[in-house]
2 protein chains.
Amino acid sequence: MLSAGLPEGAMPKLERPGPLRERVYEALLELITTRALRPGQHLVESELAQHLGVSRQPVREALQRLNTDGWVDLRPAQGAFVHEPTEEEADQLLTVRTLLEAEAARLAAAHADADGVAELEKLCSRGEAAVGGAEVEKVVEANAAFHARVMALAGNTVLAELARQVDRRVRWYYTPVARQRGAQSWIEHRELIAAVKAGDEQGAAAVMRKHTEHTRRSYHERERG
Amino acid sequence: MLSAGLPEGAMPKLERPGPLRERVYEALLELITTRALRPGQHLVESELAQHLGVSRQPVREALQRLNTDGWVDLRPAQGAFVHEPTEEEADQLLTVRTLLEAEAARLAAAHADADGVAELEKLCSRGEAAVGGAEVEKVVEANAAFHARVMALAGNTVLAELARQVDRRVRWYYTPVARQRGAQSWIEHRELIAAVKAGDEQGAAAVMRKHTEHTRRSYHERERG
DNA sequence: TGCTGGGCTATTGAATACAGTTTACGGAGT
DNA sequence: ACTCCGTAAACTGTATTCAATAGCCCAGCA
């Protein structure tokens, strides 16, 4: 048997390419989030297939999943179009995000142990360091990691799944204006950690609500500029 | 031009069957929710295709969407299995549902006009009538319609979409125990309408939270029996 | 008797082929 | 000059075919 006390990482993990549709999905998502495929653009299956070096089949399946996730609009007998974000929808997304994140913070405050808090503090330090340097990418990534960790501490996989989708779309809308909020954001993160540490459910939820509302406001302010 | 003041309903709307994958999706969802396909069961593409009189392709696409929606688990190179609901997951779903419905109630209270309130009252009356008769199906349907209407009044499509998915799954878990809560549920609905009518956001959210928490409790009580 | 190994079958994953629909272009008629 | 109709091209929707992989049974051996 292989189970004879072998450490988990001992096996080379042999790189399985995974289902092709998944890779196509990720590839297209990357192209959309990076604006290489622009909102409103008509996505022709055969072109994408040829461009990616695969058949139409995986492309179709990827497009359908992108459709259910709200990234593309799939008009019958006409094909896929990259979704065009509207002001209203962005606002709705941010509202939902606030809701989900606040609940996650509350649950995290209720369940988190010392280890979890330590994890958050480490991520927070990393984020603050990234703010020091001017690498926008790093900051955004650190921010996502922090929020994901809070969500994990909440221990509700259904909630986490919804938040994951919403967050990714929010980030899509929000990335162009992300550079604005830097240091302030991480101060609020520290406040959140304190509330979680104290097991203060109401406080944690309130802090997170305030936090996400701030990002929402900065989004709208950017719009006017 | 057709736009010469024609009423919307004038055109026969000509029955378009819609994409085949959609129909297959609905058909499979029906089979799952009615327990014709039981949790854990292995779904073989070719069997389903033959049974439905279509090719494997639409079945594949439907299964993938069912997978992303949490109805089936799609194990690589092995196929689709009907998802097996766990206690923990049911609880998490109910938590999220409470969250989404409460927010919807709050937004509905903020935005609803007289027409909207009238709609709710009509649906409520219909529901109460259904409780009078002993048709469980009717009651469940009326309940769903009522909640959907509240969600519509909230005017947040993102929230509505998430709630739609969560609600459907909750109903799947919950249907076997639905007969328990009958009259009480609609009393609470009346309370909700009153709060919405008064534009009391906090009150509406609180009522809805209490309401969904009650259904959650009755779920757990059933478990013990 | 229990275990290992090979080959077989069933089922998914991907590619190709075919049919139906929508859109766009162009010419003829008013 | 403008509109209407017919035709053609392009693309999606569906079916069919081919390839690869996981599971299973049985023979062979310690």
Side-chain angles (χ1 to χ4, degrees), chain A residues 1-4 6 11-28 31-32 37-38 40-69 71-83, chain B residues 1-4 6 11-28 31-32 37-38 40-69 71-83:
Chain A
M1 279 295 212
L2 276 178
S3 59
L6 279 181
M11 274 180 286
K13 214 64 170 291
L14 73 103
E15 276 300 334
R16 266 205 273 187
L20 201 46
R21 56 171 177 272
E22 293 294 335
R23 283 186 290 172
V24 173
Y25 175 86
E26 294 296 338
L28 290 180
L31 289 175
I32 291 176
L37 298 175
R38 289 185 306 192
Q41 182 171 347
H42 185 180
L43 302 179
V44 180
E45 295 177 356
S46 23
E47 287 181 7
L48 296 176
Q50 187 176 356
H51 203 270
L52 295 173
V54 298
S55 128
R56 267 181 59 206
Q57 181 85 356
V59 175
R60 272 185 72 80
E61 295 175 352
L63 285 176
Q64 308 220 358
R65 187 162 158 215
L66 287 170
N67 176 45
T68 70
D69 290 354
W71 292 100
V72 307
D73 299 323
L74 213 48
R75 287 190 258 176
Q78 189 170 358
F81 296 79
V82 179
H83 180 73
Chain B
M1 279 291 216
L2 277 178
S3 60
L6 279 183
M11 275 181 283
K13 216 65 170 287
L14 67 100
E15 276 301 331
R16 264 203 275 186
L20 202 46
R21 56 170 178 272
E22 293 294 335
R23 284 186 288 173
V24 173
Y25 174 87
E26 294 296 337
L28 291 179
L31 290 174
I32 291 176
L37 298 176
R38 290 183 306 192
Q41 183 171 346
H42 184 170
L43 303 179
V44 179
E45 293 177 357
S46 26
E47 287 182 8
L48 296 176
Q50 188 176 356
H51 203 271
L52 295 173
V54 299
S55 125
R56 268 182 56 205
Q57 181 80 358
V59 175
R60 275 183 70 81
E61 295 176 353
L63 285 176
Q64 308 223 358
R65 186 161 158 214
L66 286 170
N67 176 44
T68 70
D69 289 354
W71 292 100
V72 306
D73 300 322
L74 213 49
R75 286 190 259 176
Q78 189 171 358
F81 296 78
V82 179
H83 180 73

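First the proteins, then the strands, lettered A, B, ... as listed; each starts at 1.
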Practice task
Look at the side-chain N and O atoms of B/H42 and state whether any lies under 4.0 Å from the OP1 or OP2 oxygen of D/dA22.
Solution key: no
Residues in side-chain contact (heavy atoms from CB on, under 4.5 Å) with [X], at least two apart?
{"X": "A/E26", "answer": "A/R168"}
{"X": "A/V44", "answer": "A/H42, A/S46, A/E47"}
{"X": "B/A80", "answer": "B/L43, B/L63, B/V72, B/L74"}

Provide, to the nearest angstrom, the distance between the [atom1] atom belonging to [X] and the [atom2] atom belonging to [N].
{"X": "A/L63", "N": "D/dC11", "atom1": "CG", "atom2": "P", "result": "14 Å"}
{"X": "A/Q50", "N": "D/dC11", "atom1": "CD", "atom2": "P", "result": "11 Å"}
{"X": "B/E22", "N": "D/dT12", "atom1": "CD", "atom2": "C1'", "result": "15 Å"}

Completion exercise
Applied to residues 48-58 of chain A, the salt bridge (charged side-chain N to carboxylate O under 4.0 Å, His left out) test, sequence neighbours excluded, yields A/E45-A/R56
Practice task
Step through the shown structure and confirm whether more than 12 heavy atoms of other residues, nucleotides or ligands are within 6.0 Å of CD on A/Q50.
Solution key: no
Handout entry: Counterpart residues, salt bridge (charged side-chain N to carboxylate O under 4.0 Å, His left out), relative to B/E22 (two or more places apart)
Key = B/R65
Handout entry: With sequence neighbours excluded, residues passing salt bridge (charged side-chain N to carboxylate O under 4.0 Å, His left out) with A/R21
Key = A/E61
Problem - Divergence of helical axes at both termini of the helix from C/dT1-D/dA30 to C/dT30-D/dA1 - five pairs an end, 10° steps - result: 10°
Every protein N/O lying under 3.5 Å from an N/O of nucleotides 13-16 of chain D:
residue, atom, partner, partner atom, Å
D/dG13, OP1, A/A77, N, 3.2
D/dG13, OP2, A/R60, NH1, 3.2
D/dG13, N7, A/R56, NH2, 3.1
D/dG13, O6, A/R56, NH1, 3.3
D/dT14, OP1, B/L20, N, 2.7
D/dA15, OP2, B/S55, N, 2.9

Fill in the blank from the handout: Shortest non-hydrogen pair, B/F81 vs B/G40, comes out as CD2-O, 3.6 Å
